[in-house]
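Every chain is numbered from 1 and lettered A, B, ... according to where its sequence line falls, protein lines coming before strand lines.
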Amino acid sequence: MKYLLALTGILSFSFLSAQVNFADSLFARQEYYRAITEYQRSYYNDGDKDYCHFMIRNCYWLGEDYTGLIEYLKGCSDPVDHIYYSFAHLKNNRPDLALILNANLANPLQKTLYCLSCSYLGKEKEVEENLKKINEREYQDIKAKLGKLNQELKEQHYKSPYLAGGLAIVPGLGYAYAGALQTSISAFITNLLIWGSVFELGKKELYFSSGALAVVGTGFYLGNIYGSVNFAARNNNNKRKNIIDKQLDVFFKELIKVESR
Amino acid sequence: MKSPESKIKFSSSSTSSSLVIGYYQKFISPTYGQRCLMFPSCSQYTAESIKKYGAFKGILKGTDRIMRCGLDLHYYPSMYIDMRKYYIDLPEEGIGNKNK
């Protein structure tokens, strides 16, 4: 009986290690989705849970499946998991959610992630205020880098969405200000043609057709104002995002290093 | 809080706009085929915007898109769908293209 039990133990151990080895080979071949399935199997078959969790997290991250990673790490409590979880939101274009996740400003890690999320959202003043509150020694390097990034973001020339909207009173001018020259010509010609036709039809006493076309023209005119505001705001956000994205991996690695100590 | 009447009005205007777009997509658009350089097409973009944001904002977004269609393409990310290059411009106001 004793031998039978020992044999079962050895067999199950070798089965589990074979499963993990297979998953590792898939990981090495960058077949992340298949590797996740194998690691999950091993996890539920009582393999090395910490290792499997570590590898599943890596598979999602390296496979750039941020939605999957968010789903996987939902409700995590480990600080490194929290870093992955927050960065997945940032990479997924949802800094607003990362901001909410890191609202506990008593924790230095959350304070740092909060500042990073604020940078994405264009809240430079809030970043400045919160950076002053980071006093922990191990976070000083990251603090300095965040300060530098914030300064760089502040120095950028952004287009005012309000000014774009104001200029759009003249169709196309708002788009031109926002940087979309071709669109500005298109908006100008579209509005000119529609409103020109409205007045011509009115002159010929075709009031119904004139009125119907005026409704369409109003849609295009208001669309031109709305679009100009949106275009300026979108470009500002993209400009900001491009600058931060270039440095995001540096922050990620540094935070992991600090929290793994 | 919105009254039930306002909800009915809102949904009926959305439905009628969607019907017009549906008619265009079924009977008019197929006569000249898939031409829009952007993904989703302008009519699909408008239909999705109306569904998501209601008739008023949806139509504004749609008219804005029609004026932008095929122009200033360097502002949009591109990808190949069925061996054809499309410029991606989604109606969602994610942070990447969120209006403040």
>> Please report the interatomic distance CG(B:Asp64) to CG(A:Leu222), rounded to the nearest 0.5 Å.
In response: 11.5 Å
>> Heavy-atom pairs under 4.5 Å with chain A - which of B:Ile66, B:Asp72, B:Leu71 has more of them than the others?
In response: B:Asp72
>> Quick check on A:Tyr221 against chain B: is it the side chain, the backbone, both or neither that has a heavy atom closer than 4.5 Å?
In response: neither
> From B:Arg65 CZ over to A:Asn230 CG, what is the distance, rounded to the nearest 0.5 angstrom?
Replying inline: 12.5 Å
> Taking all atoms of both residues into account, what is the closest heavy-atom pair of A:Phe220 and B:Met67, and its distance?
Replying inline: O-CE, 3.3 Å
> Does atom CZ of A:Phe252 have more than 12 heavy-atom neighbours from other groups under 6.0 Å away?
Replying inline: yes
>> Within a 6.0 Å radius of atom OH on B:Tyr23, are there more than 12 heavy atoms belonging to other residues, nucleotides or ligands?
In response: no
> Can you tell if the side chain of A:Arg234 reaches within under 4.5 Å of the side chain of B:Tyr75, non-hydrogen atoms only?
Replying inline: no
> Is the closest side-chain heavy-atom distance between B:Leu73 and A:Gln182 below 4.5 Å?
Replying inline: no
>> So for atom NZ, which belongs to B:Lys52, do other residues, nucleotides or ligands contribute more than 12 heavy atoms lying within a distance under 6.0 Å?
In response: yes
>> Is A:Asn191 close to chain B through its backbone or its side chain, or both, or neither, when contacts mean heavy atoms under 4.5 Å?
In response: side chain
> Atom OH in A:Tyr226, atom NZ in B:Lys57: separation rounded to 0.5 Å?
Replying inline: 4.0 Å
